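Contents: one structure, followed by commentary.
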Amino acid sequence: EVQLVESGGGLVQAGGSLRLSCAASGFPFDDYAIGWFRQAPGKDREGVSCISSSDGRTYYADSVKGRFTISSDNARITVYLQMNSLKPEDTAVYYCAASEMIPGYGCYVHAYEYGYWGQGTQVTVSS
């Protein structure tokens with residue numbers, strides 16, 4: 001059974017930093033993509049970043065480029081999202097998601113492309 005467990009959310013002031021972790025287990029495949037998504041109240045789920053296990057290729061939404069960094073520990077199947085220079089508009093529930101991925105094709109950027117999801121972790125940025 002695939003399990004994704006997010007951690008690291010919390011309350012931080014604007015300009016501060018948080019590091020989210022997504023610990024995965026039970027993958028039935030060798031090559032995968034893990035993505036981070038977020039959903040604020042009343043808004044659609046938004047793709048934030050993703051990373052491919054096979055080639056390390058990454059993607060960032062324009063809204064987080066230069067502030068967020070995704071990284072992975074493939075041995076532990078754990079993906080991190082380092083979030084710096086946080087803004088109030090970053091406030092949301094952050095989810096990690098996983099999907100099997102064809103090697104060399106980067107990572108999926110849309111929520112519908114992921115079949116496995118974590119329970120989410122709340123990030124609140126105060127102004």
Side-chain angles (χ1 to χ4, degrees):
E1 178 185 5
V2 174
Q3 288 191 329
L4 301 169
V5 180
E6 302 100 333
S7 61
L11 172 64
V12 64
Q13 288 188 331
S17 299
L18 284 173
R19 188 176 83 152
L20 305 183
S21 298
C22 173
S25 62
F27 278 4
F29 33 75
D30 294 327
D31 299 296
Y32 53 88
I34 290 184
W36 283 99
F37 295 82
R38 66 186 182 187
Q39 189 164 21
K43 294 189 177 181
D44 293 334
R45 190 165 295 190
E46 173 191 17
V48 175
S49 183
C50 65
I51 188 166
S52 165
S53 70
S54 62
D55 55 18
R57 287 168 61 183
T58 59
Y59 158 84
Y60 296 95
D62 288 343
S63 57
V64 306
K65 279 182 183 176
R67 301 188 297 124
F68 291 11
T69 302
I70 192 169
S71 61
S72 66
D73 180 342
N74 286 348
R76 298 183 177 185
I77 317 183
T78 301
V79 171
Y80 306 96
L81 186 68
Q82 178 68 43
M83 307 186 296
N84 298 329
S85 302
L86 282 163
K87 304 175 181 180
E89 51 263 44
D90 295 317
T91 295
V93 178
Y94 283 70
Y95 301 89
C96 68
S99 176
E100 186 173 13
M101 193 71 221
I102 299 173
Y105 279 74
C107 55
Y108 295 128
V109 301
H110 301 106
Y112 67 81
E113 295 171 307
Y114 288 86
Y116 304 98
W117 290 82
Q119 81 288 352
T121 185
Q122 176 71 46
V123 171
T124 303
V125 185
S126 63
S127 58

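Numbering starts at 1 and runs along the sequence shown. Just so we're clear, the structure is a prediction, and the values are computed from it rather than from any experiment.
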Would you say [Y] ends up clustered with [X] if hydrophobic residues are merged whenever their side chains have heavy atoms under 4.5 Å apart, either directly or through other cluster members?
X   : Y   : value
L4  : V48 : yes
I70 : I77 : yes
L81 : V93 : no
V12 : V64 : yes

Sequence neighbours excluded - side-chain hydrogen bond (donor to acceptor under 3.5 Å, both in side chains) pairs with any residue from [range]:
range            : value
residues 43-54   : R38-E46, Q39-R45, E46-S63, S52-S54, S52-D55
residues 118-127 : E6-Q119, Q122-T124
residues 100-111 : H110-E113
residues 18-34   : none

Quiz item: Is it true that K65 and D62 make a salt bridge, defined as a side-chain N closer than 4.0 Å to a carboxylate O?
Solution: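 The answer is yes: the pair qualifies as a salt bridge.
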
Exercise. Would you list the pairs meeting disulfide bond (SG atoms under 2.5 Å apart) in which at least one residue belongs to residues 5-48, sequence neighbours left out?
Key: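 Applying disulfide bond (SG atoms under 2.5 Å apart) to every pair that reaches into residues 5-48, excluding sequence neighbours, yields C22-C96.
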
Quiz item: For residues 27-88, which residue pairs qualify under disulfide bond (SG atoms under 2.5 Å apart), counting only residues two or more places apart or in two chains?
Solution: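 Output for this query lists C50-C107.
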
Self-check item: Any residue meeting side-chain contact (heavy atoms from CB on, under 4.5 Å) with S85, in chain and number order, not counting sequence neighbours
Solution: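 Residues passing side-chain contact (heavy atoms from CB on, under 4.5 Å) with S85: R67.
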
Quiz prompt | Residues in side-chain contact (heavy atoms from CB on, under 4.5 Å) contact with S71, at least two apart in sequence or another chain | solution =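 With neighbours one apart ignored, the set is Y80.
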
Self-check item: Residue pairs passing the salt bridge (charged side-chain N to carboxylate O under 4.0 Å, His left out) test where at least one lies in residues 69-78, sequence neighbours excluded
Solution: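 Residue pairs passing salt bridge (charged side-chain N to carboxylate O under 4.0 Å, His left out), neighbours aside: D73-R76.
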
Quiz item: With N74, which residues qualify under side-chain hydrogen bond (donor to acceptor under 3.5 Å, both in side chains), at least two apart?
Solution: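 For N74 the side-chain hydrogen bond (donor to acceptor under 3.5 Å, both in side chains) partners, ignoring immediate neighbours, are S72.
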
Quiz prompt | Intermediate values then yes/no, side chain to side chain contact (heavy atoms under 4.5 Å, CB included), V123 and V125 | solution = CA-CA 7 Å; V123 171; V125 185; 4.2 Å; yes

Quiz item: Of all heavy-atom pairs between A40 and T91, which one has the smallest distance, and what is that distance?
Solution: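 In this case the closest contact between A40 and T91 is CB-O, 3.6 Å.
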
Quiz item: Looking at residues at least two apart in the chain, or sitting in another chain, which of them share a ring pair (Phe, Tyr, Trp, His ring centres under 6.0 Å) with F29?
Solution: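 So F29 forms a ring pair (Phe, Tyr, Trp, His ring centres under 6.0 Å) with F27.
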
Quiz prompt | CD1 on I51 to OG1 on T58, rounded to 0.5 Å | solution =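 The CD1 atom of I51 is 6.5 Å from OG1 of T58, to the nearest 0.5 Å.
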
Self-check item: Straight-line distance of Q82 CD to L20 CG, nearest 0.5 Å
Solution: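 Rounded to the nearest 0.5 Å, the CD-CG separation comes out at 9.0 Å.
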
Quiz item: Tell me, which pairs form a ring pair (Phe, Tyr, Trp, His ring centres under 6.0 Å) where one or both residues lie in residues 35-69, sequence neighbours left out?
Solution: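 Counting only pairs at least two positions apart or across chains, the ring pair (Phe, Tyr, Trp, His ring centres under 6.0 Å) contacts touching residues 35-69 are F37-Y114, F37-W117.
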
